[in-house]
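See structure below.
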Amino acid sequence: MSKFDVFVNPNKAATHILYVDVQSDFVRLSTRWCIPLLRHVSLRPIIQGTQALIEVNQQEYVMDTANLLAVPASLLRQRAGRLSSSDQLIAASCIEFMLRGY
């Protein structure tokens, strides 16, 4: 499991269908910090700074950084991809905005 890998949420009833693992690979715990991803709906506005539009497997998703959560590592089984280099920078920027406000 690596930082910026994308995983399928095993809870089929959840609104967040994917997770982006954003935890440092040096920190080994039973949970991983993850940003949930929502399927992009063009009618829903994106909150600048805390959310960003990204692409995973040629589908658009909203990175919902405001809802960053600790996910049990045991649930992160089905890898769905990895963020591109530019999307990794966007994820880091959204986290920084949530923590520091800039």
Side-chain angles (χ1 to χ4, degrees):
M1 183 169 325
S2 258
K3 186 175 182 181
F4 299 120
D5 280 351
V6 178
F7 293 92
V8 174
N9 182 353
N11 181 354
K12 302 298 180 203
T15 56
H16 298 106
I17 57 176
L18 297 173
Y19 294 125
V20 178
D21 180 346
V22 294
Q23 183 170 310
S24 168
D25 295 330
F26 294 111
V27 179
R28 304 252 182 230
L29 300 171
S30 62
T31 59
R32 300 286 294 179
W33 277 15
C34 293
I35 298 175
L37 300 180
L38 296 163
R39 199 175 299 273
H40 176 57
V41 177
S42 60
L43 300 175
R44 213 178 291 156
I46 293 175
I47 303 166
Q48 295 301 318
T50 66
Q51 294 181 327
L53 192 60
I54 63 166
E55 189 175 292
V56 176
N57 298 329
Q58 293 134 13
Q59 289 189 322
E60 288 188 323
Y61 293 92
V62 175
M63 194 171 358
D64 192 11
T65 314
N67 287 303
L68 182 83
L69 65 155
V71 176
S74 62
L75 295 180
L76 302 175
R77 293 179 295 238
Q78 187 179 349
R79 190 172 174 275
R82 181 166 176 77
L83 291 188
S84 67
S85 297
S86 59
D87 286 344
Q88 290 177 23
L89 292 173
I90 291 169
S93 175
C94 287
I95 292 168
E96 186 70 20
F97 183 84
M98 291 300 300
L99 294 175
R100 302 180 198 270
Y102 57 85

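Positions are given from 1 along the sequence.
- Heavy-atom minimum distance, A52 versus I46: N-CG2, 4.1 Å.
- Between the side chain of T65 and the backbone N or O of T50 there is at least one donor-acceptor pair closer than 3.5 Å.
- Nearest heavy atom pair, residue P10 against residue R77, reads CB-NH2, 4.2 Å.
- Between A91 and I35, the shortest heavy-atom distance links the atoms CB-CD1, 4.2 Å.
- A distance of 8.5 Å separates CG in L89 from OG in S84, rounded to the nearest 0.5 Å.
- Among the candidates I95, L83, D5, the single residue satisfying the side-chain contact (heavy atoms from CB on, under 4.5 Å) test with V22 is I95.
- Closest heavy-atom contact between C34 and Y19: CB-CB, 3.9 Å.
- Between H16 and N67, the side chains place no donor N or O within less than 3.5 Å of an acceptor N or O (distance only, hydrogens not considered).
- Hydrophobic clustering places L99 together with I90 (ILVMFWY residues linked when any side-chain heavy atoms are closer than 4.5 Å, directly or through intermediates).
- Looking at V6, N9, V62 one by one, the single match for side-chain contact (heavy atoms from CB on, under 4.5 Å) with L37 turns out to be V6.
- Inter-residue side-chain proximity for V71 and T31 is flagged as unmet; no heavy-atom pair is nearer than 4.5 Å.
- Salt-bridge check for R82 with D21: failed, with every basic side-chain N at 4.0 Å or more from each acidic carboxylate O.
- The CD atom of Q23 lies 11.5 Å from the OG atom of S2; values are rounded to the nearest 0.5 Å.
- Here the OG1-CZ distance, from T15 to R39, works out to 12.0 Å after rounding to the nearest 0.5 Å.
- Contact annotation: the side chain of I17 approaches that of Y61 to within less than 4.5 Å [non-hydrogen atoms, C-beta and beyond].
- Between the CZ atom in R32 and the NZ atom in K3 there is a gap of 9.5 Å [rounded to 0.5 Å].
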Problem set entry | side chain to side chain contact (heavy atoms under 4.5 Å, CB included) evaluation trace for L75 with F7 | CA-CA 9 Å; L75 295 180; F7 293 92; over 6 Å; no
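- Atom CD of E60 and atom CD1 of I54 lie 10.0 Å apart (nearest 0.5 Å).
- Atom-to-atom distance recorded for M63:CE and L38:CG is 11.5 Å, nearest 0.5 angstrom.
- V20 and M98 fall into different hydrophobic clusters, where Ile, Leu, Val, Met, Phe, Trp and Tyr are joined by side-chain heavy atoms under 4.5 Å apart, directly or via other members.
- More than 12 heavy atoms of other shown residues, nucleotides or ligands fall within 6.0 angstrom of atom CZ in R79.
- Counted within 6.0 Å of CD on Q78, heavy atoms from surrounding residues, nucleotides or ligands total 12 or fewer; the atom is thus considered open.
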